[in-house]
Amino acid sequence: MNIYEEVKDAKTIGISGHIRPDGDCVGSCMGLYLYLKKVCPAAAIQVMIERPADVFSCIRGIEEISYDFKPITEKFDVYIALDSEKSRIGEAEKFFDQAEKRINIDHHISNAGGSGDVNYVVPTASSASELVYDVIGDKSAIDADIAKALYIGIIHDTGVFQYSNTSPKTMKIAAELISYGFDFPELIDKTFYEKTYVQNQILGRALLESILFMDGKCIVSMIDKKTMAFYNADSHDLEGIVSQLRCTKGVVCAIFMYQTDTLEYKVSLRSNGAVDVAKVASFFGGGGHVRAAGVTMQGTFYDIVNNLSAQIEKQLK
Ligand code: 5GP
Ligand code: MN
């Protein structure tokens, strides 16, 4: 796909990523936004996403995004959904649906068919940001700001080139991107590794209260609403906890969940590959990748652990 060819006649372009935006969601949306602003100067372009974590304020142009989902037009000429199927772009879904032309760029295996009129879904890609790099036909239009946004997306979805979704192609793209000269060590430190004191405290608490089960093959931990309120924390403060749980020796599948309502939890799943967690999450209406997936589930903590365990156990047998 050449994204410029797809959108060049559009007067209005909307861009959205998934709810609870992570680094790849923000990086891919902003990288594409900055690029399209450059190559389609006459078009009105709007990014509609939820407010991301503060660490992403280092991306150029992010101050132009308002998070109120008030569209510049009810009917966009083109609407692009990134890093997500259309049903997970939240309040922007209706603008996607109403658009003249819908484009979906994603790397989630649970969205294999794509949900646009034009789809570029590559489950083997490390990140949506890698795919945005792919669809930029004229690479000479890339500048340091675009490169930085896409690089942030790639480092977040690959765990700084550690996860198995990192391919030689990912590394080649990353090499190309750092040649634009932004301060990548600082970017990695500030957006990926650095935690606030409170974030580290919650991480510590989640590790302390974790429970091993299935002969030590699985681990689970949970943070309830009361604890979140005690630390004055929101969902952004819980990023990374599930990956740390997964690093426990002997564990093949980690579950972390936080309470979103009386009987509702947002569940994150991570695996070392022995369990396909996209399959587990999809069974309950969520999705993701083989080694990293998520879903929102109803019930008590114990109900949810029981339901997840049954699906995980099926695969381990
Ligand atoms: P996380 O656990 O970090 O929220 O998400 C892990 C992966 O699963 C990400 O690629 C994310 O986009 C995907 N994911 C998380 N929650 C959901 C969900 O509720 N539905 C779907 N389809 N994918 C999800
Ligand atoms: Mn992604």
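Numbering of ligands and ligand atoms starts at 1, following listing order. For clarity, every value in this text was computed on a predicted model and none was experimentally measured.
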For ligand 1, find out whether one of its N or O atoms is nearer than 3.5 Å to an N or O atom of [X].
{"X": "R270", "result": "yes"}
{"X": "K266", "result": "yes"}
{"X": "G285", "result": "no"}

Below a 4.0 angstrom heavy-atom separation, can you tell me which part of E239, side chain or backbone, both or neither, approaches ligand 1?
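Neither part.
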What part of R20, side chain, backbone, both or neither, has a heavy atom within less than 4.0 angstrom of ligand 1?
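None of R20 does.
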Testing the 3.5 Å rule here: is there a donor-acceptor pair between the side chains of D22 and H18?
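On atom types as modelled, these side chains qualify, holding a pair under 3.5 Å.
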Quick check against the 3.5 Å criterion: does [X] have a side-chain atom that pairs as donor or acceptor with the backbone of [Y]?
{"X": "K86", "Y": "K94", "value": "no"}
{"X": "K139", "Y": "Y133", "value": "yes"}
{"X": "N104", "Y": "N119", "value": "no"}
{"X": "E85", "Y": "S87", "value": "no"}

Among all protein heavy atoms in this structure, tell me which lies nearest to atom 18 (C) of ligand 1, with the distance rounded to 0.1 Å.
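So the nearest neighbour among protein heavy atoms is G294 O, 3.3 Å.
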Quick one: look up the protein heavy atom nearest atom 2 (O) of ligand 1 and list residue, atom name and how far away it is.
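For this ligand atom, the closest protein heavy atom is S268 OG, 2.6 Å.
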Contact check: D24 to the Mn ion (ligand 2), N/O/S below 2.8 Å:
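Yes, within the cut-off.
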Between the Mn ion (ligand 2) and H107, is there an N, O or S atom separated by less than 2.8 Å?
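A backbone or side-chain N, O or S atom of H107 is under 2.8 Å from the Mn ion (ligand 2).
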Sub-4.0 Å atoms of ligand 1 with respect to non-hydrogen atoms of [X]:
{"X": "G288", "value": "8 (O), 13 (C), 23 (N)"}
{"X": "H289", "value": "10 (O)"}
{"X": "A292", "value": "6 (C), 7 (C), 8 (O)"}

Would you indicate which of R291, R88, H108 comes nearest to atom 14 (N) of ligand 1 when only heavy atoms are counted?
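When every heavy atom of R291, R88, H108 is considered, R88 comes closest to atom 14 (N) of ligand 1.
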Side chain to side chain contact (heavy atoms under 4.5 Å, CB included) evaluation trace for T191 with I155
CA-CA 9 Å; T191 74; I155 59 170; 4.0 Å; yes
Looking at the Mn ion (ligand 2), which N/O/S atom of D83 is the nearest one?
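Of the nitrogen, oxygen and sulfur atoms in D83, the Mn ion (ligand 2) lies nearest to OD1.
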Can you tell me the N, O or S atom of D157 that's nearest the Mn ion (ligand 2)?
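Of all N, O or S atoms belonging to D157, OD2 is the one nearest the Mn ion (ligand 2).
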Kindly compute the distance separating CZ (R88) from CG (D106), expressed to the nearest 0.5 Å.
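That separation rounds to 8.5 Å.
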As an exercise, state the distance from CD1 of I241 to CZ of R270, rounded to the nearest 0.5 Å.
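It comes to 11.5 Å.
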Test item, V295 contacting ligand 1 (heavy atom, 4.0 angstrom)
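Judged by the 4.0 Å heavy-atom criterion, V295 does count as contacting ligand 1.
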Heavy atoms of other groups near E209 CD, more than 12 under 6.0 Å:
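Yes, the 6.0 Å shell around CD holds more than 12 heavy atoms from other groups.
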Dump the intermediate steps for ring-ring contact (aromatic ring centres under 6.0 Å, His included) on Y163 and H156, then the final yes or no.
CA-CA 10 Å; Y163 307 148; H156 277 256; over 10 Å; no
